[in-house]
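Note that ligands are numbered from 1 as they come in the structure, with each ligand's atoms numbered from 1 the same way.
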Amino acid sequence: MIPISKPLIEEEEINAVVEVLKSGMIAQGPKTAELEAMFAKLCGTKHAIAFSNGTTAIHSGVRALGITDGDEVITVPFTFVATANPVLMERGKVVFVDISEDDFCIDPNKIEEKVTDRTKAIIPVDLFGQVYKYKEVKEIADKHNLKILEDACQAVGATQDGNTAGSFGNVGAFSLYATKNIATGEGGMLTTNDDEIARQAKMFRHHGQDEAVRYEYLALGHNYRLTDLAAALGVEQMKKIDRIINTRVGNASLYTEGLSSIEGIITPKIMENNTHVFHQYTIRVTEQYGKTRDELMTFLKENEIGCGVYYPKPLHLHEHFRKMGYKEGDFPVSEKLSKEVLSLPVNPFVTEENVEFIIEKVKEFSKK
Ligand SMILES: *Cc1c(COP(=O)(O)O)cnc(C)c1O
């Protein structure tokens, strides 16, 4: 099976973890600090703060932005649930806005109609590894005095207008989960240029303590820390970030070359002024293809090709959010795309031959 995702664990990663094991300092320590410095440098942000996972990074960001009882936060339904849940953890209200078909990210034209006097923030998602339409969203945020939390969980190293993901908001959040482009098993990172947000996030990560003064509890806090065992993996992979991105981008452009001529297949679009890091290479299988997305997926799997549907159902159609009053028809673009999307393997272990083989299979199946 050609895997849809596989973490980059080579000699360097293994040795680095062994070094941490031998050091005896296996919780948060110098490796975590090293990884934080690497993220701050890559993202061009003043602060990068490591977390136990992407969800806890987002939660800490939501908390540091001061979201609380009844505050409304605008986000998209076409994402992973961890984009939205942290708002609920702080007793805020999740207000969905549909996505655009071209980049799978928040549609700036649909935001303003959802802004009320309780709206406090927007959480756009850099879905599949491409930064959302920042300029348009920022303009709306500024006009209504809203904060932006960029869910950059899938977009380490992606850029727009020369700036890097994690810097397109008051706070950015990354995931280092096993399937992500930088994968430490579990792990997360929060980025910000704001000293007060950074201070709040660090305290929240560490039981409400200021890092310099232990056993003085200044606020409510969690244990949301990363371990140096995980950070060691991240440090070694971050040294290889260019290779990780370049192989993904190379595989993506081979796919686009081979697939875009197939009737009914829509290949992903790289928006102007963006570089895409292709956490997922996601095609759309439309009616003109002659077979359904699910039929194609079954066929590819029979041919030992790993593929996945991200996401099979938008958040608002799940029981958890239906209870808040959302229903079928509320977000037509998300609903349509959830039936069409199919992600093909682009990870660094996927070879040119693999991509050619997969393209052939997609062609072959359309003719059957
Ligand atoms: C992976 C992911 C998260 C959550 O990250 P975890 O590390 O799994 O907690 C949040 N948002 C998006 C868009 C993600 O892809």
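Shortest contact from atom 11 (N) of ligand 1 to any protein heavy atom: D151 OD2, 2.8 Å. Q154 NE2, 2.8 Å is the protein heavy atom nearest to atom 15 (O) of ligand 1. For atom 9 (O) of ligand 1, the closest non-hydrogen atom on the protein side is T55 OG1, 2.5 Å. If you check which protein heavy atom lies closest to atom 10 (C) of ligand 1, you get C153 SG, 3.4 Å. Summary of contacts: the protein heavy atom closest to atom 1 (C) of ligand 1 is K180 NZ, 1.5 Å.
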Q: Test side-chain hydrogen bond (donor to acceptor under 3.5 Å, both in side chains) on H47 and D195 and set out the steps.
A: CA-CA 8 Å; H47 305 277; D195 293 341; 2.8 Å; yes
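Short contacts between ligand 1 and T79, defined as distances under 4.0 Å to a heavy atom of the residue, involve ligand atoms 13 (C). Of all the atoms in ligand 1, the ones that sit under 4.0 Å from a non-hydrogen atom of A82 are 4 (C), 10 (C). Proximity to G54 (heavy-atom distance under 4.0 Å) selects the following atoms of ligand 1: 5 (O), 6 (P), 7 (O), 9 (O).
Grouped by direct or indirect side-chain proximity (heavy atoms under 4.5 Å, Ile/Leu/Val/Met/Phe/Trp/Tyr only), M203 sits with L218. The hydrophobic cluster containing Y215 also includes Y217, under a criterion of side-chain heavy atoms closer than 4.5 Å among ILVMFWY residues, counted directly or through chains of members.
With hydrogens and angles left out, the side-chain atoms of T256 and Y281 include a donor and acceptor closer than 3.5 Å.
Remark: ligand 1 and I58 share no N or O pair separated by less than 3.5 Å (distance only, no angle test).
In the hydrophobic clustering of this structure, I9 does not group with V156; members are Ile, Leu, Val, Met, Phe, Trp, Tyr whose side-chain heavy atoms approach within less than 4.5 Å, directly or through other members.
Using a 4.0 Å heavy-atom cutoff, H279 is absent from the residues neighbouring ligand 1.
With T159 as reference, T275 is the one residue of T164, T275, N274 to meet the side-chain hydrogen bond (donor to acceptor under 3.5 Å, both in side chains) rule.
Looking at heavy atoms from C-beta onward, I49 lies in side-chain contact with E36 at the 4.5 angstrom threshold.
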